[in-house]
Student: 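Got a structure for you, questions after.
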Amino acid sequence: MNWDIVEGNWKQFKGTVKSQWGKLTDDHLDVIAGKRDSLAGQIQETYGITKDQAEQEIKRFEALSKEASPKDPS
């Protein structure tokens, strides 16, 4: 997953991120603004996990997002 693309299309990704990490509010997502390090920090703070755990969750999210990316025929 290319985070430059995520950052540029953050409005489209916000729903996917929120479904993955439901405790993140719209305000959190607005502050994150597609920045991977901000997402990691917010996950760490909101869920009370370590930086390494947050990074692992993001890596899993990236892998699942690659697998789930539809080859949109439209």
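This one's a predicted model, so the numbers in the text were calculated from it and none came from an experiment.
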Student: Over all heavy atoms of both residues, which pair between Trp10 and Leu29 is shortest? Give the atoms and the distance, please.
Tutor: NE1-O, 2.8 Å
Student: Tell me every residue that passes salt bridge (charged side-chain N to carboxylate O under 4.0 Å, His left out) with Glu7, counting only those two or more places apart in sequence or in another chain.
Tutor: Lys35
Student: Could you state the interatomic distance from NZ (Lys59) to CG (Leu64), rounded to the nearest 0.5 Å?
Tutor: 14.5 Å
Student: Determine, step by step, whether Lys14 and Asp26 satisfy the salt bridge (charged side-chain N to carboxylate O under 4.0 Å, His left out) criterion, reporting the C-alpha distance in whole Å, the side-chain angles of both residues, the deciding distance to 0.1 Å, and the verdict.
Tutor: CA-CA 8 Å; Lys14 281 170 59 172; Asp26 289 333; 5.5 Å; no
Student: Side-chain heavy atoms nearer than 4.5 Å, only ILVMFWY residues, links allowed to pass through others: does that put Tyr47 and Ile58 together?
Tutor: yes
Student: Testing the basics here: between Phe13 and Ile5, what is the closest heavy-atom pair and its distance to 0.1 Å?
Tutor: CE1-O, 4.4 Å
Student: Using side-chain contact (heavy atoms from CB on, under 4.5 Å) as the criterion, list what pairs up with Arg60, not counting sequence neighbours.
Tutor: Gln56, Glu57
Student: Of all heavy-atom pairs between Ala40 and Ala54, which one has the smallest distance, and what is that distance?
Tutor: O-CB, 3.6 Å
Student: Determine the sole option in Thr16, Leu39, Thr46 for which the side chain to side chain contact (heavy atoms under 4.5 Å, CB included) test with Trp21 is passed.
Tutor: Leu39
Student: Could you tell me which non-hydrogen atom of Lys18 sits nearest to which non-hydrogen atom of Leu24, and how far apart they are?
Tutor: CE-O, 3.5 Å
Student: One thing to verify: whether Glu55 and Arg36 come together as a salt bridge, which I'm taking to mean a side-chain N less than 4.0 angstrom from a carboxylate O.
Tutor: yes
Student: Would you give the length of the straight line joining atom CD1 of Ile43 to atom OG1 of Thr50, rounded to the nearest 0.5 angstrom?
Tutor: 11.5 Å
Student: Looking at every heavy atom in both Gln53 and Ile49, which two are closest together, and how far apart are they?
Tutor: OE1-CB, 3.1 Å
